[in-house]
Amino acid sequence: MPKEPKQKVTTGARKTKSKKDPAAPKRPLSAYMFFSQDWRERVKAENPDAGFGDVGRLLGTKWKEMSEDEKKPYVDMANRDKERAETEKAAYANKE
């Protein structure tokens with residue numbers, strides 16, 4: 001005897017996302033994001049058959065293996081980007 005298909009249970013009305021202002025300042029990047037931007041091409045060149053997820057895993061492994069001294073340039077970039085984002089956010093808030 002074939003099974004009957006289950007009906008979907010709805011929980012209520014959908015919530016719609018509010019539109020993001022295109023003039024709003026960009027969020028700051030983390031130290032890991034600066035590292036991954038810098039290293040992604042190198043990792044892809046070393047592992048040409050690796051897929052997107054594999055490259056991400058390799059980058060994560062490399063990041064965890066790095067010492068604090070090796071991470072310092074990326075942490076400094078992240079701190080500068082955070083300051084940039086805060087000043088842009090303050091200017092944006094004052095503009096409104």
Side-chain angles (χ1 to χ4, degrees):
M1 211 188 256
K3 291 183 179 179
E4 295 200 22
K6 293 182 181 179
Q7 290 185 353
K8 290 186 178 180
V9 177
T10 57
T11 58
R14 284 190 175 187
K15 294 180 182 178
T16 57
K17 283 179 131 180
S18 60
K19 299 283 183 189
K20 185 177 178 196
D21 183 6
K26 301 281 186 200
R27 293 178 62 190
L29 294 178
S30 67
Y32 174 74
M33 290 306 297
F34 281 110
F35 161 78
S36 64
Q37 286 177 347
D38 189 26
W39 278 78
R40 184 169 295 279
E41 291 304 318
R42 290 183 231 179
V43 170
K44 283 170 61 174
E46 292 171 3
N47 304 285
D49 57 335
F52 182 79
D54 297 328
V55 171
R57 265 189 292 286
L58 291 167
L59 285 168
T61 303
K62 174 72 175 156
W63 178 254
K64 288 178 187 175
E65 292 172 353
M66 291 174 71
S67 69
E68 293 300 317
D69 289 338
E70 292 172 318
K71 290 180 182 180
K72 188 169 180 359
Y74 303 109
V75 173
D76 292 341
M77 282 190 256
N79 290 336
R80 284 194 302 271
D81 197 40
K82 185 175 181 180
E83 291 171 9
R84 179 227 21 111
E86 288 172 356
T87 56
E88 286 181 6
K89 185 177 179 182
Y92 179 75
N94 290 337
K95 186 177 81 171
E96 289 184 338

Examine distances only and state if a side-chain atom of E86 and a backbone atom of E83 form a donor-acceptor pair shorter than 3.5 Å. no
OH (Y74) and CE (M33) are apart, to the nearest 0.5 Å, by 13.0 Å
Does the pair M77 and D81 meet the rule for a side chain to side chain contact (heavy atoms under 4.5 Å, CB included), with working shown?
-> CA-CA 6 Å; M77 282 190 256; D81 197 40; over 6 Å; no
Is the closest side-chain heavy-atom distance between K62 and W39 below 4.5 Å? yes
When rounded to the nearest 0.5 Å, the distance separating OH of Y32 from CD of Q37 is 11.0 Å
Would you say K89 has more than 12 foreign heavy atoms packed within less than 6.0 Å of its NZ? no
key: Working for side chain to side chain contact (heavy atoms under 4.5 Å, CB included), residues W63 and K71   = CA-CA 8 Å; W63 178 254; K71 290 180 182 180; 3.8 Å; yes
List the steps, then state whether side chain to side chain contact (heavy atoms under 4.5 Å, CB included) holds for L58 with N47.
CA-CA 9 Å; L58 291 167; N47 304 285; 3.4 Å; yes
Between A85 and P28, the two heavy atoms sitting closest are CB-CD, 3.6 Å
In terms of heavy-atom contacts, E65 and E70 come closest through O-OE1, 4.5 Å
### Message
Side-chain heavy atoms nearer than 4.5 Å, only ILVMFWY residues, links allowed to pass through others: does that put M66 and V55 together?
### Response
yes
By ring pair (Phe, Tyr, Trp, His ring centres under 6.0 Å), F34 pairs with (sequence neighbours left out) none
(message) What I want to find out is whether K72 reaches D69 closely enough, with some N-O distance under 4.0 Å, to be called a salt bridge.
(response) no
Value for NZ (K44) from CG (D54), rounded to nearest 0.5 Å, stands at 12.5 Å
Hydrophobic cluster identity match, V75 and F35, side-chain contacts under 4.5 Å
no
Notebook entry, point to check: Would you find a donor on one side and an acceptor on the other, under 3.5 Å apart, between the side chain of D76 and the backbone of P73?
Noted result: no
Q. In terms of side-chain geometry, is the basic nitrogen of E46 or R42 positioned less than 4.0 Å from the acidic oxygen of its partner?
A. no
